[in-house]
Amino acid sequence: MVSYDRIVKLSLERGFYFPSSEIYSDSPAGFWEYGPNGNNIKNKFIELWRRELVRRDDMVEIDGSQIMSKNVFIASGHLDNFSDPLILCSKCKSVLRADKFILEKEGINVPERIPINEVDRILNQYNLKCPKCGSSFQKTERFNMMFKVGIGPNNDEAYLRPETCQAIFVDFPRIFKIMRGKLPFPIAQVGKSFRNEIAPRQSLLRLREFYQAEIEIFCNPNQLDAIPKFDEIQDTILTIDDGTIISKVTAKEALNRKIIPNKLIAYYLSILYEFYEKTGIDMNQTRFRKLSEQEKAFYATIAFDFELKTSVGWLELVACNYRSNYDLSQHSKISKEKMEIMDPVTNEKVLPHVFELSLGIDRSIYSILEHCFAEDHENNRVVLKLKPYLAPLLAAILPLVKKPELEEIAKNIYYDLKKDFDMYYDGSGSIGRRYRRLEEIGVPFAITVDHDTVKDSTVTIRYRDTMEQKRIQIKELKSFFEKTLKP
Ligand code: GLY
């Protein structure tokens, strides 16, 4: 398996992502930027998510504000509960996140919501000291991860959202009404969220500013098994770790054996799984892990994490939480607005429950890079085997040599195709070196214009993964590319 460091090296060298404000000494940790190649992959990943989840399931998508009022987060519970256990060295004042520190030192998985006296007990039991100066820690505290902002000249208190979905909850009655919704009613949103992590690290894996793609499925709690589209996915095979045993079962079996509690959850876990199958990650290295009481977020009653095995261990890519009516009833209580709706399917007045698929985009991008990275020792090359529809560029047009008659044809092909596809023109340097650069950033095809092109209007298509080359008529390129872009 390729190492985490190797992926970061590739990302820095090839502009997938790099640290923010990096020319300044006061650049804060936990902020990274996507360069041109990474940004293209991110956008294509989001487009695949839209295709395989939003459009597949007739969801609606919104784009809410990143800054929201204090009351939103009083209602959501984030101002009281959204915190991590923090330890402070009594001498050098180094600050650490207790659960991560204990995991690193002792391999013990400490749940996020562990009582702080329990953290102190573990620190004592294993005689854990400050890694910098060896002194003992002060008593564990809880650190709230919300970013406070001041609005306008009076600096009115507001907050950057720690999850995109609060706008979905606040807006739900309006959206349900204008879209003439019926339950289950999924609302999706892509955007940035912000968490003041105690110890951000590992580039895209723990950021303070990060992208989420969230789907909140509003449902009638009495109708969780009335999901006709369940039949579409009943044979999808999922790996589920329920805390005691790991089962590789169809969605139908998982339901019969009560590993998954209802058809609604089984359906959405399955379409999520089918979406990730198309991303190029190794699905044999994935699992849905049911979280224990102590591991669940404060708003969740049932929670499965969709996890992937990577070089840094199991990584949570999607939090799948059954949030009951927690959010809608809290917003109704604090705002005094009614959040119930009439469900036209059952003719009942209901305060819907919510099941969510909260997907971390940045972690998913890292995972795709890692799982698609291949070293071809025989040919002394690095190949990023990205799916064509996730590659930063679909193809490059390369005149074989620097001759005006080849360059003119190559440029015409480039100008024609770049209207429809992400193309690149590279007219100089040795052809071998040009291929290597493209392979490293995952460009699936290279189109070479050579002397035969002048005679018969054909070019060669070179396949990134096999290095195979085929001749094709220039006029057939467009339909060739269209076919390769179908997931
Ligand atoms: N909305 C759930 C989360 O951000 O984890």
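Just so you know, residue 1 is the first one in the sequence shown, and it goes up from there. Both counts, for ligands and for their atoms, begin at 1 and track the order of listing. Quantities reported herein were computed from a predicted structural model and do not represent experimental measurements.
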task = May I ask you to decide whether E440 forms a salt bridge with R464, counting only side-chain N to carboxylate O separations under 4.0 Å?
result = no

remark   = Lining ligand 1 at under 4.0 Å, by non-hydrogen atom distance, are residues E163, C165, R195, Q212, E214, Y299, R323, E356, S358

request  = Name the orientation class of the two ring planes belonging to Y273 and F288 (parallel below 30°, tilted from 30 to 60°, perpendicular beyond 60°).
outcome  = tilted

ask   = Does D57 have any salt bridge (charged side-chain N to carboxylate O under 4.0 Å, His left out) partners at least two apart in sequence or in another chain, and if so, which?
value = K229

Distance in Å, C130 SG paired with Q138 CD, rounded so as to fall on 0.5 Å steps = 11.5 Å

Under 3.5 Å, sequence neighbours excluded: what are the donor-acceptor pairs made by side chains of residues 59-67?
unit_1, atom_1, unit_2, atom_2, d
E61, OE1, R50, NE, 2.7
E61, OE2, R50, NE, 3.3
E61, OE2, R50, NH2, 2.8

Please set out all donor-acceptor pairs under 3.5 angstrom arising from side-chain atoms of residues 85-97, sequence neighbours excluded.
unit_1, atom_1, unit_2, atom_2, d
S90, OG, S136, O, 2.6
K93, NZ, S90, O, 3.2
R97, NE, D84, OD2, 3.4
R97, NE, D99, OD1, 2.8
R97, NE, D99, OD2, 3.3
R97, NH1, D84, OD2, 3.1
R97, NH1, E197, OE1, 3.3
R97, NH2, D99, OD2, 2.9

